[in-house]
Amino acid sequence: MVEEDAGILAREVRRRFGSVEAVRGMDLTVPHGEVTALVGPNGAGKTTLLLMLATLLAPDSGELRIAGLDPVADPDAVRSRIGWMPDTFGVYDQLMTHEYLGFFCEAYRVPASAARERVAELLDLVHLAEFASQPVHVLSRGQKQRLGVARALVHRPSVLLLDEPASGLDPRSRVELRDLLRAQAREGTAVLVSSHILTELEEIADRVVFVDRGTTVSEHRMADLGSHRSTWRIRALDGDLTGALRSRGLSPGEATPAGVDVELESEQAAADLLRDLLADEVRVVGFGPAGNHLESAYLAFTEDRR
Ligand SMILES: Nc1ncnc2c1ncn2[C@@H]1O[C@H](COP(=O)(O)OP(=O)(O)OP(=O)(O)O)[C@@H](O)[C@H]1O
């Protein structure tokens with residue numbers, strides 16, 4: 001990737017509120033065609049960074065580029081290219097759902113001739129078509145979140161910023177959000193999403209950026225996090241699983257209905273162990289990493305920084 005082509009670039013960005021230095025030197029690259037997750041503890045500065053990217057807050061110093069444009073010098077041009085979903089957003093409760101999206105189409109200068117079709121398309125996309133003629137206030141919290149995603153997409157932005165989009169969503173809506181964001185990335189959009197729900201992010205994101213106390217700490221490709229993983233969970237129908245593990249010098253944890261956990265050095269060691277267990281006629285029905293990549297990496301990272 002050529003950095004200049006990135007959807008978002010942030011270099012040494014800083015922002016303070018009085019005595020609180022909310023962001024003190026963040027660097028970030030969000031490529032087009034990928035979903036990048038912004039992950040960090042409460043108060044790490046995620047929302048502050050997103051507000052600056054969304055042109056809603058000026059940085060004290062540092063460099064920001066959105067679709068190659070400077071959000072401080074050229075906020076209108078940046079706004080026309082970004083889709084923004086804040087963590088809390090007011091909805092105009094009295095409007096009907098289709099009017100609400102129609103209003104944002106107008107605000108984003110979607111031509112009137114195309115707006116009606118765009119609204120219908122978006123309501124379909126976020127599974128709210130049946131609520132098109134209902135006032136927004138009848139929508140549940142999760143449905144309002146979905147409306148917020150639709151609102152962010154009205155003008156087909158090339159950069160998408162979402163602050164905690166999965167909060168309040170039921171499991172099906174989360175899967176749908178995942179599919180929707182993956183589809184946006186496939187179409188070339190640069191997607192940046194902050195979330196605390198790490199299990200979902202693992203399936204949504206291509207890359208993760210860890211932030212803490214106002215700084216970006218590390219950046220990983222999701223696929224690379226797997227190699228750090230050490231605990232595996234194994235379940236067998238019958239055969240002496242625990243005995244077979246012990247005979248190989250391993251120290252399995254207590255057997256539970258979910259299986260037996262064991263620490264392994266590498267994915268290679270896991271592959272060898274599975275082959276050996278099958279050869280020993282242990283009838284394995286489950287064999288996989290315990291927990292998830294992102295959660296393990298996040299916990300290791302926050303442990304280091306306590
Ligand atoms: N308008 C403000 N005035 C004063 N302090 C603020 C303001 N906005 C944020 N802060 C402080 O800046 C720090 C970073 O806040 P921010 O909301 O960016 O964190 P976050 O990573 O989004 O947290 P969370 O995960 O809890 O949403 C916090 O210490 C917060 O109290």
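Indexing begins at 1, ligand by ligand and atom by atom, following the structure's order.
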- Check each of R213, K46, E21 against atom 20 (P) of ligand 1 and report the one with the nearest heavy atom.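 Nearest heavy atom to atom 20 (P) of ligand 1 lies in K46.
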- Among G43, G18, G214, whose heavy atom sits nearest atom 23 (O) of ligand 1?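 Looking at heavy atoms only, G43 sits closest to atom 23 (O) of ligand 1.
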Charged N to carboxylate O below 4.0 Å: is that the case for [X] and [Y]?
{"X": "E34", "Y": "R221", "answer": "yes"}
{"X": "K46", "Y": "D163", "answer": "no"}
{"X": "D60", "Y": "R16", "answer": "no"}

Give the residue and atom name of whichever protein heavy atom lies nearest to [atom], and the separation in Å to one decimal.
{"atom": "atom 6 (C) of ligand 1", "value": "F17 CD1, 3.3 Å"}
{"atom": "atom 18 (O) of ligand 1", "value": "T48 OG1, 2.6 Å"}
{"atom": "atom 19 (O) of ligand 1", "value": "G45 N, 3.2 Å"}
{"atom": "atom 11 (C) of ligand 1", "value": "V20 CG1, 3.9 Å"}

- Item | Any N or O of G40 closer than 3.5 Å to N or O of ligand 1 |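 No, no N or O pair falls under 3.5 Å.
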- Task: Could you tell me if the ring centre of H155 sits under 6.0 Å from that of F104?
- Result: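 Not close enough - the centres of the two rings lie 6.0 Å or further apart.
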- If you measure from OG1 on T242 to CG on L250, what distance do you get to the nearest 0.5 Å?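 Here the interatomic distance stands at 11.0 Å.
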Distance under 4.0 Å to a non-hydrogen atom of [X]: what atoms of ligand 1 satisfy this?
{"X": "N42", "value": "23 (O), 24 (P), 25 (O), 26 (O)"}
{"X": "P41", "value": "21 (O)"}
{"X": "T47", "value": "17 (O), 18 (O), 20 (P), 22 (O), 27 (O)"}
{"X": "A22", "value": "12 (O), 13 (C), 14 (C)"}
{"X": "A44", "value": "19 (O), 20 (P), 21 (O)"}

- Item | Residues that, via side-chain heavy atoms closer than 4.5 angstrom, fall in one hydrophobic cluster with V285 |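 Reading the cluster by chain and number, V285 sits alongside L237.
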- Task: Return yes if a side-chain donor-acceptor contact under 3.5 Å exists between R14 and S61, otherwise no.
- Result: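 There is no such pair between these side chains.
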- Query: Is there a donor-acceptor pair under 3.5 Å between the side chain of T215 and the backbone N or O of V217?
  - Reply: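 Judged by distance alone, no pair lies under 3.5 Å.
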- Task: Look only at the side chain of T216 and the backbone of D27, and say whether a donor-acceptor pair between them is shorter than 3.5 Å.
- Result: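 Answer holds: yes.
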- Between S194 and ligand 1, which residue portion shows a heavy-atom distance shorter than 4.0 Å: side chain, backbone, both, or neither?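 None of S194 does.
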